[in-house]
Amino acid sequence: MDTSSSMELAYGKPDSIRRTRTHYCAGCGHGIIHRLICEIVDEFGIRENIVSVAPVGCAVLAYDYFDFDTCEAPHGRTPAVATGIKRVLPDRFVFSYQGDGDLAAIGTAEIIHAANRGEHICVFFVNNAVYGMTQGQMAPTSIVGQQTATTPNGRDPKTEGYPIRVCELLATLEAPAYIERVAISSPQNIRRAKKAIRKAFKTQLEGKGFSFIELLSPCPTYWRVDPIVAMKELEKRMIPVFPLGIFKDWEQET
Amino acid sequence: MDTSSSMELAYGKPDSIRRTRTHYCAGCGHGIIHRLICEIVDEFGIRENIVSVAPVGCAVLAYDYFDFDTCEAPHGRTPAVATGIKRVLPDRFVFSYQGDGDLAAIGTAEIIHAANRGEHICVFFVNNAVYGMTQGQMAPTSIVGQQTATTPNGRDPKTEGYPIRVCELLATLEAPAYIERVAISSPQNIRRAKKAIRKAFKTQLEGKGFSFIELLSPCPTYWRVDPIVAMKELEKRMIPVFPLGIFKDWEQET
Amino acid sequence: MAAVRILEEYCKSCGLCIEFCPRSALSLGANINRHGCRPAVFDESKQCSGCGNCTAICPDVAIELYARVKAEAAVKKASR
Amino acid sequence: MAAVRILEEYCKSCGLCIEFCPRSALSLGANINRHGCRPAVFDESKQCSGCGNCTAICPDVAIELYARVKAEAAVKKASR
Amino acid sequence: MLEKVIMAGFGGQGLLFMGKLVAQAMMNQGKHVTYFPSYGAEVRGGTANCHVIISDDDIHSPVADQASTLVIMNTLSYERFAASLQPDGLMFLNTSIVDKYEQTTGTIVPIAATDEANDLGNARVGNMIMMGAYVEARNLMSFDTLIEYLSKTLTTKKPEMLKVNIAAVTLGRRIVQQRVQTGELKLP
Amino acid sequence: MLEKVIMAGFGGQGLLFMGKLVAQAMMNQGKHVTYFPSYGAEVRGGTANCHVIISDDDIHSPVADQASTLVIMNTLSYERFAASLQPDGLMFLNTSIVDKYEQTTGTIVPIAATDEANDLGNARVGNMIMMGAYVEARNLMSFDTLIEYLSKTLTTKKPEMLKVNIAAVTLGRRIVQQRVQTGELKLP
Amino acid sequence: MGKKILMAGNEAAGEGAIQAGCMAYYGYPITPQNELTGYMAVHMPRHGRVFLQAESELAAINMVLGSAAAGVRAMTSSSSPGMSLKQEGISYLAALELPAVVINVQRGGPGLGNIAPGQADYWQATRGGGHGDYRCIVLAPHSVHEMFSIMTTAFDLSDKYRMVTIVLGDGRLGQMMEPVEVPDSPQPQPQPPPKPWALNGCKGRHSNKLHSLLLNEDRLEALNVRLQQNYALVASTETRYEEVQTADADVVMVAYGTSARVCKEALRQARKLGIKAGLIRPITLWPFPAQPIRAAAARGAKFLVVEMSAGQMIDDVRLSLDGPADVRFFGRMGGNVPQWDVVLENITTIAKGK
Amino acid sequence: MGKKILMAGNEAAGEGAIQAGCMAYYGYPITPQNELTGYMAVHMPRHGRVFLQAESELAAINMVLGSAAAGVRAMTSSSSPGMSLKQEGISYLAALELPAVVINVQRGGPGLGNIAPGQADYWQATRGGGHGDYRCIVLAPHSVHEMFSIMTTAFDLSDKYRMVTIVLGDGRLGQMMEPVEVPDSPQPQPQPPPKPWALNGCKGRHSNKLHSLLLNEDRLEALNVRLQQNYALVASTETRYEEVQTADADVVMVAYGTSARVCKEALRQARKLGIKAGLIRPITLWPFPAQPIRAAAARGAKFLVVEMSAGQMIDDVRLSLDGPADVRFFGRMGGNVPQWDVVLENITTIAKGK
Ligand SMILES: Cc1ncc(C[n+]2csc(CCOP(=O)(O)OP(=O)(O)O)c2C)c(N)n1
Ligand SMILES: Cc1ncc(C[n+]2csc(CCOP(=O)(O)OP(=O)(O)O)c2C)c(N)n1
Ligand code: SF4
Ligand code: SF4
Ligand code: SF4
Ligand code: SF4
Ligand code: SF4
Ligand code: SF4
Ligand SMILES: [Mg+2]
Ligand SMILES: [Mg+2]
């Protein structure tokens with residue numbers, strides 16, 4: 001292909017993502033979500049004003065991919081670490097990034113209380129219904145019947161309960177300014193997801209408070225399907241359990 | 001008073017509460033709630049079949065007052081301990097008792113996940129909007145403006161967020177069978193509270209799953225008012241923030 | 001007609017029974033018990049109805065309610 | 001008219017761009033890169049519309065999209 | 001001087017306040033002091049006590065195992081602390097509540113503090129009567145100084161409160177003075 | 001005998017499976033064995049390797065620092081492990097992917113495993129070609145035994161899968177046999 | 001007798017626990033012990049026992065507390081960072097005198113570290129992880145078979161002394177596969193001792209209470225004295241270790257777990273070279289086998305402590321000695337395993353008296 | 001010079017931290033340290049600094065981690081059970097080489113125990129609370145004034161060496177009131193060293209990353225080697241202790257904190273009786289002052305270690321010694337404080353050579 005003469009680069013790597021091969025499996029949603037976040041960082045031109053917090057989970061190495069200041073947090077404590085940063089640096093833009101095991105299991109208390117305090121941070125919650133990093137155990141968000149390393153016969157609500165809907169849970173709190181659930185199951189949905197992320201950024205940049213974007217995301221490896229099938233399952237099986245939509249919006253309220 | 005001749009004892013100490021002077025302050029709601037629970041235990045005649053779990057909080061010494069098997073739990077972990085008991089003794093009646101610091105702060109993750117798994121236990125949640133045991137700090141349920149040892153100028157939602165409504169939070173989960181909020185602010189309300197506790201017992205005894213009763217309760221000492229005023233404040237200030245009612249009911253659903 | 005008995009050693013003088021007695025049959029006594037509290041006292045003359053408000057609200061299980069036998073069932077219900 | 005370029009070293013052969021290309025302009029190549037993957041290849045003949053589906057869904061930022069200058073604004077919007 | 005006093009009674013009887021006031025005042029008079037409060041699980045209605053040590057010298061051990069003075073407001077405290085009184089010690093005992101007690105090696109100063117306080121119109125100032133008696137008997141500071149500290153510390157409360165407190169310390173002081181005069185009380 | 005083999009390549013290339021199969025078979029032949037799998041943060045597409053030690057004696061140190069045999073499926077693994085080959089060792093090298101390599105003190109057995117596997121119609125059986133070659137060269141077990149274990153372990157998969165796997169080990173075995181016959185390969 | 005099965009150490013520990021009569025397992029995923037949780041997920045329900053994935057390590061240890069309080073054999077497992085989160089619970093278990101088994105498949109630390117094997121949680125396990133004066137019995141297997149067989153010991157000791165037993169493995173032992181000799185016929189279900197203190201309903205007895213809150217100082221001191229007496233009893237009766245060729249050894253290595261494996265190889269090679277090396281392998285890390293170390297020192301041996309840490313067990317070796325002795329250290333960190341030839345070099349240096 | 005204020009130790013520590021330039025405090029209530037949290041709630045906002053009541057000790061330590069990562073002086077405080085919950089966070093702080101200050105106002109343990117003073121978290125603080133090979137600087141004040149003054153040291157050392165400093169107090173020191181000499185005029189705000197590694201936006205520089213995950217064993221080992229080198233440096237330069245009349249002492253007590261206070265009284269009384277008693281009071285528990293102990297042993301002294309525990313620091317005393325020495329122990333547990341006269345009895349017994 002000869003692109004040099006008549007064509008110009010219309011879409012390329014965002015500046016704030018580092019050009020490196022990630023450790024993610026083929027077709028993993030984390031890569032898409034990283035990119036979306038970095039596109040918005042570039043859009044707002046705030047790369048040099050960010051401190052982000054990476055989780056323990058497959059995205060633990062996010063700090064290798066984001067080209068802005070990034071901190072590790074112990075498993076599940078990401079919102080507490082982000083709180084500690086934002087409180088002393090109120091004029092920096094602070095976001096945290098978490099998986100479902102990190103956020104909805106071990107870190108349940110931290111996310112609820114950060115949300116309830118209305119910390120001026122954005123949280124990007126990657127719900128792939130499984131523990132990727134540790135080889136595919138049940139997550140709090142695993143759907144009923146889902147086979148995982150710890151539910152070999154499928155998640156049984158009688159003993160393991162039901163998938164937790166975190167947006168719905170957080171929406172009962174008064175403080176959060178913006179809560180939305182999106183899916184990255186298709187180019188269309190990815191564009192919607194990007195819009196949601198943009199709104200989250202805006203929420204913090206305009207001093208409105210806590211924002212939370214849940215992104216339904218595929219884990220082809222531990223769903224044990226290929227990446228294309230994973231995207232289809234995301235639509236067919238996850239979205240019905242985790243309905244997309246806006247659960248809180250400071251712009252609607254005023 | 002001469003009661004021996006013509007009168008008979010119409011109400012006295014429940015069998016399953018021990019006759020001992022409690023360590024609670026005068027007018028503390030814990031005493032009322034202990035008694036209500038024990039009345040229901042007697043009603044169902046299951047004193048010898050119970051294992052209960054006491055929290056860390058003013059009610060830590062509950063094991064000295066309940067005349068049935070009782071276990072201590074580390075602060076906030078009461079639902080996990082109760083889970084560990086019930087799972088291995090499914091035919092015993094298991095309940096846990098928690099304060100608002102215990103349940104809604106440090107123990108947030110444990111209560112949400114026990115509820116979400118639909119553990120077959122009853123949880124009695126004593127919400128007195130303050131940390132009594134540790135001398136009156138802000139609780140997650142402290143109301144806006146409430147002066148405490150850690151909010152000397154009153155709880156400010158900008159920095160400390162809003163009181164957490166636990167029933168509403170748990171009601172977003174699928175598994176819980178029964179959730180109700182009551183207040184023990186008057187004899188009438190106490191009778192309603194007793195009914196709620198009875199329903200919780202029934203829920204477990206009939207194998208319906210997880211039940212949760214939030215009891216709004218006075219802490220005259222750290223509200224810094226006398227017991228009578230505390231009961232009035234409970235009605236005037238707490239109930240508006242924490243509306244009474246049934247949030248989930250397995251009997252209604254079927 | 002009914003009557004109550006205050007178990008003085010357990011009463012903490014919180015005053016709640018006094019506040020909620022519809023017949024004003026209860027008041028704080030003058031006596032100080034070994035825990036430094038002045039237990040509530042019952043005034044027989046005030047026509048206790050046996051409503052059970054006092055036993056329902058007493059945080060210290062410091063009140064026993066007595067009623068004539070026939071009234072018992074009704075009272076037990078009320079105290080719940 | 002537009003075109004894309006696959007950055008072969010980053011492609012993991014997930015096939016998502018292929019699945020979502022409305023013009024079927026992408027397919028898995030035969031070549032194996034040093035990571036053991038067979039990068040997607042672009043077929044210029046398939047009239048790439050510049051829709052940006054492939055760049056939107058590629059998890060590995062392994063696709064660059066090129067467009068004629070005048071089309072650029074529209075494309076940028078689409079990729080969002 | 002080496003004064004080790006334990007003040008003990010019901011929570012809410014104001015003993016911790018009293019101990020702290022003494023420590024504060026003595027510190028300002030150039031003494032070494034330590035003050036240690038202690039309460040049980042019971043917040044109100046339970047027992048509370050404090051240990052105050054006042055010394056010309058460095059205070060090393062902050063524990064008053066042996067007390068030169070006891071201020072005992074209730075029976076539970078009597079049972080717990082009576083034995084720790086030094087042979088040459090003084091025990092101010094609230095006989096309104098502690099009605100049974102034995103003669104110990106030290107000197108007991110029985111004061112019906114709660115009753116006297118009721119007479120003053122406020123059951124809560126029993127501790128202040130004891131304070132007046134204690135300060136006088138141990139000659140810790142001048143009466144004026146005591147009043148000064150009381151006024152400083154009670155500013156936030158209602159003025160009536162200060163008044164009845166002053167009445168209480170005055171009463172306590174007078175009781176000791178009288179008994180010393182009558183020879184009823186022999187100070188060590 | 002003391003055989004220490006490291007098998008390394010991309011995750012998903014079936015190396016862990018292969019190592020485990022060898023360990024299992026040799027254990028059943030009365031040998032002492034240890035098997036140690038290791039993968040990076042990358043779950044798929046990353047590198048994976050396993051260490052198998054087979055010995056007549058107790059195996060104390062479970063670490064194969066020096067390998068008597070290497071099975072190397074990709075460049076990253078070549079870079080990482082080549083140096084650990086013992087002077088008298090054998091290295092089975094997937095030259096479909098590792099195109100640049102140096103002669104070491106040990107013996108290199110270059111096999112274009114991925115290409116051969118593609119020819120067999122399944123890119124994934126490259127490891128099985130290596131397995132056939134390895135078992136033959138090291139004379140670990142009879143060919144029948146190998147097929148038996150393969151059949152036992154692959155039962156859950158589709159029957160075609162077993163077929164192509166058997167074809168792959170057969171091919172690997174043949175490659176070694178031929179090279180030994182032609183003198184191209186001298187086994188230590 | 002039994003059949004040999006090729007198993008990973010993590011699986012072997014799970015099977016060992018099941019055969020030891022473990023009735024409840026609570027876990028939270030963490031590498032490198034996931035195979036253990038996975039094994040229990042499959043097998044516990046098959047035996048009609050309780051498997052539950054907890055929401056966190058904190059929840060898991062407290063579920064263990066609940067089941068232990070109810071009187072059944074219960075366990076959890078984790079790896080280093082997760083173990084740190086269990087320390088409060090372990091302190092409570094100790095204070096409540098509850099038997100329980102906890103497996104730590106140690107990894108590289110501190111912080112998130114990595115998932116390679118480590119031995120740097122020795123101090124945490126043997127003393128002072130949680131608050132207060134308490135001890136856990138700490139067992140250190142050094143092979144996959146021992147991961148299996150030690151579980152019965154772990155539960156038995158735990159029940160006998162009403163103490164927490166920590167099985168201190170490492171990522172290498174957990175992930176490595178080796179033959180395990182499993183009994184052919186199902187063994188009789190072990191009978192734990194009677195537990196009159198258990199909470200299971202107060203039918204026909206006074207109600208039982210389990211609590212560690214003792215507001216009165218003397219009562220809490222009495223509990224502590226009782227605990228210390230129990231620990232002294234355990235220390236005097238339950239010390240376990242393996243001694244290899246120490247009788248004539250000039251250089252005695254002290255190592256446990258994977259390090260001990262490496263040392264055994266170094267020993268074999270050293271003896272081939274005519275160097276009189278020996279090995280003391282503590283099997284109980286607490287109580288620590290001071291006696292054989294003292295005995296070796298009395299014979300004039302020098303010591304080489306080998307750990308996958310910056311040097312932790314070496315404290316216990318030095319504390320075992322009455323007088324001065326030559327105690328050297330060789331350690332690797334960060335998930336690296338010592339190589340036997342480097343250990344051998346160390347031995348040689350010491351043997352040469354340098 | 002300054003004015004004397006009667007303060008509780010908990011308040012004094014809070015004021016000390018404020019004067020040391022602490023910019024953020026995160027706490028969770030627990031007795032007997034509540035007055036510290038309460039003090040910070042009132043005073044930090046007055047200075048325009050951050051006070052936040054966290055939802056748990058876990059959250060608090062991780063908020064500290066965040067603020068420390070952002071480059072400011074941050075602290076938390078707790079008491080024994082709460083400290084157990086902070087161990088994972090402390091291990092992370094150590095691995096991330098972040099400076100932070102943590103106060104432990106120790107109480108009676110294990111488990112829930114009680115709210116009376118204790119010293120049984122010594123091992124947890126000085127070694128092995130969390131997972132992995134790391135150390136914290138551990139400071140032990142023994143008076144209310146020292147609770148105040150030591151805070152500057154705590155923050156300075158923490159920043160200088162990028163380590164966590166634990167201030168190990170106890171319930172007695174926390175709740176007791178004593179005169180504190182507070183500077184009259186506000187002191188100049190301390191200037192922490194530059195922190196080029198801090199996360200505060202990458203304007204004009206490469207982006208900073210703080211992480212302890214090092215999947216490669218050699219890289220994680222390199223981090224560990226760097227940590228150990230730093231610890232060795234601290235050990236060689238920052239050991240602090242107070243020595244009282246050890247020069248001619250036949251019996252040297254070793255004690256810290258409240259126990260040291262009691263020992264000082266016992267010493268005064270012993271000297272009155274003509275018994276040559278001395279005291280070594282470690283102010284840094286880690287690094288532990290081995291040198292003065294070795295020196296005293298060389299002079300032929302016998303040792304009496306006094307702790308409010310079953311005997312933890314005694315390990316460090318014994319490890320300090322090169323050869324055999326007479327080291328005895330006297331301890332109280334459960335919240336009890338040793339009495340000076342009983343300590344004196346112990347001294348007398350030792351002095352008499354029994
Ligand atoms: C305290 C602690 N517990 C457990 C782990 C192990 N661990 C690492 S990531 C993870 C969960 C990952 O799942 P998720 O958060 O859903 O992220 P994903 O990998 O699916 O993106 C766990 C349990 C740990 N590192 N630390
Ligand atoms: C791990 C731990 N953190 C903190 C404490 C201290 N603590 C004891 S009770 C309590 C909170 C009590 O409040 P709540 O649960 O509301 O009960 P209440 O006393 O109001 O009934 C706290 C923080 C503790 N014991 N353990
Ligand atoms: S395991 Fe799942 S979440 Fe993790 S990198 Fe692979 S696909 Fe992504
Ligand atoms: S402090 Fe409050 S909750 Fe606690 S016993 Fe007193 S009144 Fe009850
Ligand atoms: S029963 Fe009713 S009427 Fe009688 S004393 Fe009690 S509250 Fe009053
Ligand atoms: S309610 Fe109970 S405790 Fe309160 S005054 Fe009446 S009898 Fe006494
Ligand atoms: S831009 Fe659209 S049409 Fe062009 S290759 Fe990509 S997906 Fe296909
Ligand atoms: S979407 Fe990206 S990684 Fe996947 S095949 Fe296409 S170019 Fe390769
Ligand atoms: Mg996940
Ligand atoms: Mg409360």
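Numbered from 1 within each chain, the chains take letters A, B, ... in sequence-line order.
The stretch residues 75-92 of chain F places Thr75(F), Leu76(F), Glu79(F) near chain D, each with some heavy atom under 4.5 Å from a heavy atom of that chain.
Taken to the nearest 0.5 Å, the CD1 atom of Ile97(F) stands 9.0 Å off from the CG atom of Asn33(D).
Around atom CD of Glu102(F), no more than 12 heavy atoms belonging to other residues, nucleotides or ligands sit under 6.0 Å away.
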